[in-house]
Number of protein chains: 2
Amino acid sequence: MSDLTALLRERGLRSTPHRRAVLYALAERPHVTANEVASAVARTASGPGAVTELSRQGLYNVLEDLRRVGLVRSIEPAGSPALFELQAGDNHHHAICRSCGAVQDVPCSIGAAPCLDAPSVGGFVPDEAEIVFWGRCAACATSL
Amino acid sequence: MSDLTALLRERGLRSTPHRRAVLYALAERPHVTANEVASAVARTASGPGAVTELSRQGLYNVLEDLRRVGLVRSIEPAGSPALFELQAGDNHHHAICRSCGAVQDVPCSIGAAPCLDAPSVGGFVPDEAEIVFWGRCAACATSL
DNA sequence: CTCATAGTTAGACCGAGTCAAGTGTGGGGG
DNA sequence: CCCCCACACTTGACTCGGTCTAACTATGAG
């Protein structure tokens, strides 16, 4: 758990219980909404790592801080609140189930990095490509 | 303008002034927010095609109807309200400028259809791939 | 010890979109 | 010709996710 502390310090952030709790929560379950992070953190409140409730503002501050230093990434699929995950640095993409909303990681496999190839169009300078595959997850596809 | 009527009938929708006005507005300017559509429609109110103001709910109804029959497509970039465009049927993607928010169409050029290749992962059955390139548009890139 | 600053809180606020329920309205049947 | 019903549309309250503001508290460098 103290590696979380190291991680935070490394990025120039103070290591606070809330920040550690958020990182810990995201490590356990990827692709969670801000609310889910909040309740995960709240649940931590009863464990040994005891954490006081985190206010809404506090939560967003923490998430934004972590995002800014590159520890956390967020995606905002159409029709869903923002989802947060630990930044793995592997530039993977996401597959989202149209019927149950489950989010799955998809390794960035198309060739090397299809990711930044495309738009030489009109002088546009891309720095990131975000790909979302919409469809049905295994469970929902079979139960059709 | 009556081709809009035909278009609507073809898809099983009554041709109403509001629906025509929305289609017309989208034909003129792609990637507009619901609000922008609303004001475009309102502006039409003073022209020859006179249209009475369209309520918020009415607007969303029209947009949803058009989307359902495949005349309109919408994208919801992170941190922005939904943007609407006419469905061109060409499955193009979008490049969004991080600094000015401008949205540009990007032809779906990577190979044939990178679009549905990827996730054989875990039984996921994709039906659409949505790609967003984030970066700087020509104007913002040069003015750095 | 002390003070600036980072972190936190409570609560008002906002924009985008949805819900529910009512009002027109226009195009068939009786 | 009139009634009636489906569909278009309006109004206003409401929800949800998130932001802003203004305080308060804890921390840690000097």
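Lettering of chains follows the sequences in order, A, B, ..., and the numbering in each one begins at 1. Note that the coordinates shown come from a computational prediction; the quantities given were computed from them, not determined experimentally.
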Kindly determine whether B:Leu13 and B:Leu66 satisfy side-chain contact (heavy atoms from CB on, under 4.5 Å), including the steps that lead there.
CA-CA 9 Å; B:Leu13 290 182; B:Leu66 295 177; 4.1 Å; yes
I'd like a list of close polar pairs between nucleotides 19-25 of chain D and the protein, N/O only, cut-off under 3.5 Å.
| unit_1 | atom_1 | unit_2 | atom_2 | d |
| --- | --- | --- | --- | --- |
| D:dC20 | N4 | A:Gln57 | OE1 | 2.3 |

Taking [atom1] from [X] and [atom2] from [N], how many angstroms apart are they, rounded to a whole number?
{"X": "A:Leu59", "N": "D:dG18", "atom1": "CG", "atom2": "C1'", "answer": "11 Å"}
{"X": "B:Leu83", "N": "C:dG17", "atom1": "CG", "atom2": "C1'", "answer": "15 Å"}
{"X": "B:Leu54", "N": "C:dG24", "atom1": "CG", "atom2": "P", "answer": "17 Å"}

Please list, in numerical order, the residues of residues 61-81 of chain A that have a heavy atom closer than 4.0 Å to any atom of DNA chain D.
A:Pro81
Could you check which residues of residues 27-38 of chain A get a heavy atom under 4.0 Å from DNA chain D? Sort them by number, please.
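Heavy-atom cutoff 4.0 Å gives A:Ala34, A:Asn35.
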Return yes if some donor-acceptor pair links the side-chain N/O of A:Ser55 with the main-chain N/O of A:Gly58 below 3.5 Å, else return no.
yes
Quick one: does A:Glu36's side chain have a donor or acceptor within less than 3.5 Å of a partner on A:Thr33's backbone?
yes
Take A:His93 and A:Asp105 through the test side-chain contact (heavy atoms from CB on, under 4.5 Å) and record every step on the way to the result.
CA-CA 6 Å; A:His93 302 303; A:Asp105 286 343; over 6 Å; no
What is the distance from atom CZ of B:Phe124 to atom SG of A:Cys97, rounded to the nearest 0.5 Å?
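Answer for the CZ-SG pair, B:Phe124 versus A:Cys97, is 6.0 Å.
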Donor-acceptor list for residues 73-84 of chain A side chains, cut-off 3.5 Å, not counting sequence neighbours:
| unit_1 | atom_1 | unit_2 | atom_2 | d |
| --- | --- | --- | --- | --- |
| A:Arg73 | NH2 | A:His92 | O | 3.0 |
| A:Glu76 | OE1 | B:Gly79 | N | 3.1 |

Is the shortest distance from a Lys or Arg side-chain nitrogen in B:Asp127 or A:Arg136 to a carboxylate oxygen in the other one below 4.0 Å?
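No.
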If you compare every side-chain N and O of B:Thr16 against the phosphate oxygens of D:dC9 (OP1, OP2), does one of them come in below 4.0 Å?
yes
Does B:His18 place a side-chain N or O at less than 4.0 Å from the phosphate oxygens OP1/OP2 of D:dA8?
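Answer no for this pair, as no side-chain N or O of B:His18 is under 4.0 Å from OP1 or OP2.
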Taking side chain as C-beta onward, heavy atoms only, is [X] less than 4.5 Å from [Y]?
{"X": "A:Tyr24", "Y": "A:Arg20", "result": "no"}
{"X": "A:Leu23", "Y": "A:Leu8", "result": "yes"}
{"X": "B:Val37", "Y": "B:Leu26", "result": "yes"}

Where the side chain of A:Ser55 is concerned, which of C:dA10, D:dA8, C:dG7 is the nearest nucleotide?
C:dA10
Using salt bridge (Lys or Arg N to Asp or Glu O under 4.0 Å) as the criterion, list what pairs up with A:Arg29, not counting sequence neighbours.
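By the salt bridge (Lys or Arg N to Asp or Glu O under 4.0 Å) rule, A:Arg29 matches no residue at all.
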Among B:Arg19, B:Arg14, B:Arg11, which residue satisfies the side chain to side chain donor-acceptor pair (under 3.5 Å) criterion with B:Asp65?
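Of the listed residues B:Arg19, B:Arg14, B:Arg11, the side chain to side chain donor-acceptor pair (under 3.5 Å) partner of B:Asp65 is B:Arg19.
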Could you walk me through whether B:Tyr60 and B:Glu64 pass the side-chain contact (heavy atoms from CB on, under 4.5 Å) test, one step at a time?
CA-CA 6 Å; B:Tyr60 283 111; B:Glu64 169 57 19; over 6 Å; no
Quantified as the angle between the terminal helix axes (five pairs each), what is the overall bend of the helix from C:dC1-D:dG30 to C:dG30-D:dC1 to 10 degrees?
10°
